Amino acid sequence: MRNGHGERSIFEKDAIAGKQDVVDSVGDADASVQWLLQPRGGTKIRGPQNFDLSVRKGIRLAEYEHVLGADAEQLKQLFSDGPARLWGATPVKKESHPKGTALRGQKVGDEVLFYAAKEFIARARILGLLRNPELARAIWGEAEDGRTWEHIMALGDVVEFKIPAAPILSALALGKEVRYLTLVRAAERRRHLKLLEATAVGRPVSGKNAASGTVGLGREGLLRALGTLDTSVHEESRTRHGSLTLLWSIGRLVSGQSRLVSWDAFRAEVGPLLLEFGGSGTAAAPEYPFRHLRSSGLWETEGVEDQALDSALATASATSEIVAGLRPEVARLLKQPLTRAEAIGLLCTTYFQDDDQGALLTRLGLAGYAHASGNAGEGAEGEATGRRPRRQVNSLRPDRDPRLVEAVKLLYQHQCQVCGVRLETRFGHYSEAAHIRGLGTPHDGPDALSNLLCLCPNHHVQFDRLFLFIDEDWNVRRSRDAEAIGPLIRHPDHAIDEECVEYHRGLCGRSRYSLDTD
């Protein structure tokens, strides 16, 4: 299919139908995969900003509908489940230039290594290739000479890292830096693939290289890694062992336990969880997440060399010294309330969509994250577990200022900010004040007018039970599929705290880094 500019857009059916199969691990043995070394570009041409816009976050195709042209259908198929990750290159002035060779030689399935400041900073697989000057101009503008970045790559999942480029460039005899799009043929890639692996692209490194090769994770990288567990495993072979283990590890952090746990304790605690929540038809094999979570870049093992781990786990006398757990930087990130809420929400919605998440989180000591009000939510404990406890207790509950409750109701005249309904009663109207970030633990939100919404009883329940979330454009959407319900009604005198909205959105598994956000 031609795109209207006389150029053929390349979208292979296999890449569209099974795009995750294209985005496999770095250590694959595909004989035909090439490398495309791609400079990110400096601040003068807005390289960092453009990378953040169209690669790291991705663009919403709906915003560029008017310039998609004949590429619209294929792009929408490729990115039907979230933002489109795109990167472009300007045309060459001389076809004999090495960049011209790269543009002609690149193909679907090749791997792009992004380069900046003498480092490789990210990798992704090519899902499609197209040429569309109008789309490029709309996304990235024009270069000083009027050219556009019209040779566009549609990219799969992006893994970010920072590794020195010099050893790889030297081995490839490409000089000291990457100045333009450069093609590395499949044979050369195969010869030097282990060099890339040795510098920990998208995975942890053990032994002597651990300090220099560890991948640097931020909040975004952590959430991306959580959302792409097991993407290199065929769907029929995937389990929820890794995601369940990570939720269990977060529960340990919340309760103040060590991030590292011995193999014996791990097996005793995680084994029953796998039987209960691992999914039907899957064997309870705690050895699997204990070993294989290392490939996620979030997990580490200590006490034994990687190559000896399997045999050591099988030898009871040798297991006392083997420990595993979240990497230190991952544990530090998860101690931040917003990041932790986003991580728990993302794991639940991605891997446990059809399960009783309240029961799961209660089992893991994370019951407060099943309800927007936290552990102080009325009836939260009983509803999370399916029980209705009746017992007398002495407890401390966060104070609610009744004046703020009345203030938000008066501001909206009891009109629900979601549906617009003013519920009539015999003696007037009725509405409820909902805290966006709950006052109860573990949320510890502020009791302030900026943290309140005026809702009808139905939408209050749905908001607290995380059925609804508010997106970055102030639209109310369903958490399950991001289907739009309508714009949030906002009074001009009501300054809503965007950080509280972001926190609630994270609880719903719909943070801005979530891969399945529409």
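Note that the structure is predicted; figures quoted are calculated from it, not measured.
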Rounded at 0.5 Å granularity, tell me how far [atom1] in [X] sits from [atom2] in [Y].
X	Y	atom1	atom2	result
L246	Y351	CG	OH	8.5 Å
I59	R85	CD1	CZ	11.0 Å
N132	W149	CG	CH2	15.0 Å
L360	L273	CG	CG	8.0 Å
H371	Q357	NE2	CD	14.0 Å
R224	R56	CZ	CZ	7.5 Å

[X] side chain to [Y] main-chain N or O, any donor-acceptor pair under 3.5 Å?
X	Y	answer
Q74	G128	no
T350	G227	no
D471	N475	yes
T349	G345	yes
R505	I470	yes
H97	K99	yes
R125	G156	no
H443	G368	yes

Would you say that [X] contacts [Y] through its side chain, given a criterion of any heavy-atom pair below 4.5 Å between the two side chains?
X	Y	answer
K335	R259	no
R240	D355	yes
L466	H504	yes
L36	L183	yes
R252	L326	no
K57	D52	yes
W474	P487	no
I163	I168	yes

Step through the shown structure and confirm whether more than 12 heavy atoms of other residues, nucleotides or ligands are within 6.0 Å of [atom1] on [X].
X	atom1	value
E498	CD	no
Q49	CD	yes
R179	CZ	no

Mind listing the closest non-hydrogen atom pair of [X] and [Y] along with its distance?
X	Y	value
P91	T148	CD-O, 3.3 Å
I45	N50	O-ND2, 3.5 Å
P48	G41	CD-O, 3.7 Å
L488	L453	CD2-CD2, 4.3 Å
S54	W87	OG-CE3, 4.0 Å
L169	F120	CD2-CZ, 4.1 Å

Discussion item. Assess the residue pair L361 and I344 against the criterion (side chain to side chain contact (heavy atoms under 4.5 Å, CB included)); give the C-alpha distance rounded to whole Å, side-chain angles, the decisive distance to 0.1 Å, and a yes or no.
Written reply: CA-CA 9 Å; L361 292 176; I344 293 170; 3.9 Å; yes
Item to complete: Output, in order, the C-alpha distance, side-chain angles, deciding distance and verdict of side chain to side chain contact (heavy atoms under 4.5 Å, CB included) for W299 and S249.
Response: CA-CA 10 Å; W299 188 263; S249 299; 3.3 Å; yes
With the threshold set at 4.0 Å, does a side-chain nitrogen-carboxylate oxygen contact exist between [X] and [Y]?
X	Y	value
D110	R185	no
R137	E142	yes
E483	R478	yes
E188	R191	yes
D497	R437	no

Discussion item. Applying side chain to side chain contact (heavy atoms under 4.5 Å, CB included) to V92 and Y180, what does each step give before you reach the verdict?
Written reply: CA-CA 10 Å; V92 292; Y180 42 77; over 6 Å; no
Worksheet item: When you look at R510 and E472, which way does the salt bridge (charged side-chain N to carboxylate O under 4.0 Å, His left out) test go after all the steps?
Response: CA-CA 10 Å; R510 289 288 178 171; E472 293 175 307; over 6 Å; no
Worksheet item: Are F277 and F352 an aromatic pair by the rule of ring centers under 6.0 Å?
Response: no
Worksheet item: For D354 and R480, what are the C-alpha separation, side-chain angles and deciding distance, and is it a salt bridge (charged side-chain N to carboxylate O under 4.0 Å, His left out)?
Response: CA-CA 10 Å; D354 299 321; R480 187 175 190 85; 2.7 Å; yes
Worksheet item: Given the rule in the side chain to side chain contact (heavy atoms under 4.5 Å, CB included) test, do W248 and V270 qualify, once you have shown the distances and angles that lead to the verdict?
Response: CA-CA 8 Å; W248 168 80; V270 175; 3.7 Å; yes
